[in-house]
Engineer: 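I have a structure I would like to understand better, so I am pasting it below and will then ask my questions one at a time.
Order of the sequence lines fixes the chain letters, A, B, ..., with proteins taken first and strands second; residue numbering starts at 1 for each chain.
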There are 2 protein chains.
Amino acid sequence: MKDYSFVSNTVIKRLPRYRRILGDLSEKGVKSVSSTELSRIAGYTASQIRQDLNNFGAFGQQGYGYNVERLQRQIGEILGLRNEYKMIVLGAGNLGQAIANYTHYYKSGYQIIAIFDVNPRLVGLRINDIEVLDAGSLTEYLENNQVDIAVITTDKDSAQAVTDVLAGSCIRGIWNFTAAEIDVPEDIVIENVHLSDSLHMLTYYMNQNGLRIKELSS
Amino acid sequence: MKDYSFVSNTVIKRLPRYRRILGDLSEKGVKSVSSTELSRIAGYTASQIRQDLNNFGAFGQQGYGYNVERLQRQIGEILGLRNEYKMIVLGAGNLGQAIANYTHYYKSGYQIIAIFDVNPRLVGLRINDIEVLDAGSLTEYLENNQVDIAVITTDKDSAQAVTDVLAGSCIRGIWNFTAAEIDVPEDIVIENVHLSDSLHMLTYYMNQNGLRIKELSS
DNA sequence: TAGATTGTTAATCGATTAACAATC
DNA sequence: TAGATTGTTAATCGATTAACAATC
């Protein structure tokens with residue numbers, strides 16, 4: 001893994017999207033793609049796509065474009081997808097269970113190895129063949145197992161407390177699905193999936209779009 | 001709802017976050033907050049927060065700051081949260097079920113009124129007291145019921161087909177949880193929750209952070 | 001009133017787009 | 001070779017930050 005600290009977050013955010021689109025093309029049997037074609041699919045300018053990619057190297061070929069399969073793999077390498085990641089899910093509620101099943105679809109190398117919950121009724125169950133363990137045993141578990149990512153799907157009020165337990169452990173990344181704004185130690189990276197924020201954005205644009213349509217038709 | 005088409009998407013994206021933080025403060029009993037205090041919590045500059053808000057009006061008071069409760073309500077109004085929204089969930093899998101339960105937590109006025117699935121085994125079930133209906137009856141349902149938002153939690157390959165059924169109906173917004181890049185008609189707004197993209201970003205920053213930490217300690 | 005903090009203009013910074021020489 | 005398309009520099013555009021007068 002190279003040091004790309006000079007690359008801005010705005011660029012990084014677009015990488016998984018590029019990779020996903022390349023995967024779609026690859027499935028369709030497309031072998032090569034130009035930045036102009038990519039720009040039509042992704043909705044960015046061709047210029048931007050070339051700029052973005054050139055932060056990481058020269059992946060294309062003049063007069064030809066990009067090899068779809070190779071570029072997909074190369075972006076995957078930039079993102080760090082060649083590794084295997086072990087994950088645990090904290091909170092065996094509906095969302096936790098959904099993720100335990102959902103991430104199984106990924107062939108990209110993410111493996112959920114345990115689910116934790118405070119509810120004694122859930123402890124001992126198996127979800128998608130993954131054992132639900134007592135949240136009280138989390139610290140001990142982290143001492144005896146190599147885990148990379150913790151997925152937080154507890155209720156909002158427990159999110160910070162549960163994160164404090166993760167501090168100083170082998171956990172390097174937190175995928176936070178609660179609405180809480182969590183403080184994390186420097187050596188842990190956090191990615192927030194604030195679903196309510198997403199729904200509120202949708203709502204805003206629905207209303208604005210309604211206005212725009214009315215205006216056009218008047 | 002006013003026309004805010006002059007406000008950029010970069011600004012809009014921060015609004016739900018501001019509102020959420022104001023809600024947290026309000027719960028703690030905080031009555032007023034300055035842009036400087038907000039900046040510490042949100043991680044933006046005070047200047048940016050004031051700039052953002054002034055796109056929509058003057059909500060503060062010199063020498064005092066912002067009234068927490070009122071500003072939260074005002075941002076809610078900008079986002080369109082005073083309305084009631086009726087939602088349907090397309091796909092009664094783990095994620096669909098999780099969302100059917102999850103969104104019930106929102107007091108903000110979102111109501112799930114039906115879930116659709118192609119699997120005859122699931123049709124007729126009740127999830128969180130919401131009926132699972134046959135996907136085949138979707139068109140008819142949309143003709144006879146007022147629905148604002150469709151949540152798509154089908155598999156990736158069905159996402160476009162299901163969207164085509166929504167075109168021309170009463171649906172004004174799509175909340176897409178599949179990895180598909182969906183084409184939508186002009187009068188429908190789409191908000192994508194690409195969970196795999198989010199996980200890939202986390203992975204990238206985990207690896208970059210690892211590098212940074214190693215460098216510091218060497 | 002004096003102190004604090006907003007609303008807003010101007011300055012800076014960064015990101016996007018345009019353009020084109022290099023080259024496959 | 002001629003045509004196409006990249007890699008990359010330069011120009012433009014937009015977003016963020018700084019600064020401060022207005023004012024509570």
Engineer: Which heavy atom in B/A92 sits nearest to a heavy atom in B/D117, and how many Å separate them?
Structural biologist: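 The pair with the smallest heavy-atom distance is N-OD2, 2.6 Å.
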
Engineer: If you compare every side-chain N and O of B/T45 against the phosphate oxygens of D/dT17 (OP1, OP2), does one of them come in below 4.0 Å?
Structural biologist: yes

Engineer: So, under a plain 3.5 Å distance rule, would you say the side chain of A/Q51 forms a donor-acceptor pair with the base of C/dT17?
Structural biologist: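 A donor-acceptor contact between them is present.
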
Engineer: Under 4.0 Å, heavy atoms only, any strand: does A/Y44 hit a base, just the sugar-phosphate, or nothing?
Structural biologist: nothing

Engineer: Figure out the CG/P separation between B/L71 and C/dT6, and round it to whole Å.
Structural biologist: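 The distance from CG of B/L71 to P of C/dT6 comes to 11 Å, rounded to the nearest Å.
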
Engineer: Whole Å only: how far is the NZ atom of A/K13 from the P atom of C/dA15?
Structural biologist: 10 Å

Engineer: Please confirm whether the shortest side-chain N or O distance from B/R50 to OP1 or OP2 of C/dT9 is below 4.0 Å.
Structural biologist: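 Answer no for this pair, as no side-chain N or O of B/R50 is under 4.0 Å from OP1 or OP2.
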
Engineer: Using a strict threshold of under 4.0 Å (side-chain N to carboxylate O), is an ion pair present between A/D148 and A/R172?
Structural biologist: yes

Engineer: Please pick, from D/dA15, C/dG7, C/dC24, the nucleotide with the shortest atom-to-atom distance to any side-chain atom of B/N54.
Structural biologist: C/dG7

Engineer: Output the rounded distance in Å from CG (B/L38) to P (C/dT5).
Structural biologist: 12 Å

Engineer: Examine C/dT16: is either OP1 or OP2 under 4.0 Å from a nitrogen or oxygen in the side chain of A/Q48? Give yes or no.
Structural biologist: yes

Engineer: Distance check needed: C/dT8 P versus B/L53 CG, whole Å only.
Structural biologist: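 In whole Å, C/dT8 P lies 12 Å from B/L53 CG.
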
Engineer: Distance check: side-chain N/O of A/Y66 vs OP1/OP2 of D/dG7, anything under 4.0 Å?
Structural biologist: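 Yes, A/Y66 has a side-chain N/O under 4.0 Å of OP1/OP2 on D/dG7.
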
Engineer: Write down the partner of C/dT23 under the Watson-Crick or G-U wobble criteria, each distance required to be under 3.5 Å.
Structural biologist: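 Pairing partner, where one exists within any strand: D/dA4.
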
Engineer: What is the separation between atom CD1 on B/I49 and atom C1' on C/dG7, rounded to the nearest whole Å?
Structural biologist: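 It is 14 Å, rounded to the nearest whole Å.
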
Engineer: Between A/D52 and A/Y64, who's closer to the 5' end of DNA chain C by nearest nucleotide?
Structural biologist: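 First, find each residue's nearest nucleotide; the 5'-ward one identifies A/D52.
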
Engineer: Just call it for A/S8: base, sugar-phosphate, or nothing, with non-hydrogen atoms closer than 4.0 Å on any strand.
Structural biologist: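 It contacts sugar-phosphate atoms only.
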
Engineer: Rounded to whole angstroms, how far apart are CZ on A/F6 and P on C/dG14?
Structural biologist: 16 Å

Engineer: What's A/S34 touching, base or sugar-phosphate or nothing? Going by heavy atoms closer than 4.0 Å.
Structural biologist: sugar-phosphate

Engineer: Angle between ring planes, B/H200 versus A/Y110, binned at 30° and 60°: parallel, tilted or perpendicular?
Structural biologist: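 B/H200 vs A/Y110 ring planes: parallel.
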
Engineer: Taking atom P of D/dT8 as reference, at what distance in whole Å does atom CG of A/N55 sit?
Structural biologist: 11 Å

Engineer: Between the side chains of A/T45 and A/S47, does any donor sit under 3.5 Å from an acceptor?
Structural biologist: no

Engineer: Do A/E37 and A/S34 have side-chain N/O donor and acceptor atoms under 3.5 Å apart?
Structural biologist: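 Their side chains do contain a donor-acceptor pair, which is all the 3.5 Å distance test asks for.
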
Engineer: Counting neighbours of NZ on B/K156 that are heavy atoms of other residues, nucleotides or ligands and sit closer than 6.0 Å, is the number greater than 12?
Structural biologist: yes

Engineer: Does D/dA15 have OP1 or OP2 under 4.0 Å away from a side-chain N or O of B/R14?
Structural biologist: no

Engineer: Give one of base, sugar-phosphate or nothing for B/T10, where a contact means two heavy atoms less than 4.0 Å apart.
Structural biologist: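 If one applies the 4.0 Å heavy-atom cut-off, B/T10 turns out to touch the sugar-phosphate alone, with no base involved.
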
Engineer: Could you tell me the Watson-Crick or G-U partner of D/dA18, where both distances fall under 3.5 Å? Say none if there is no partner.
Structural biologist: C/dT9

Engineer: Taking atom C1' of C/dT23 as reference, at what distance in whole Å does atom CD of A/Q62 sit?
Structural biologist: 5 Å

Engineer: Taking any heavy-atom pair under 4.0 Å as a contact, classify B/S35: base, sugar-phosphate, or nothing.
Structural biologist: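 Sugar-phosphate, backbone atoms only, no base.
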
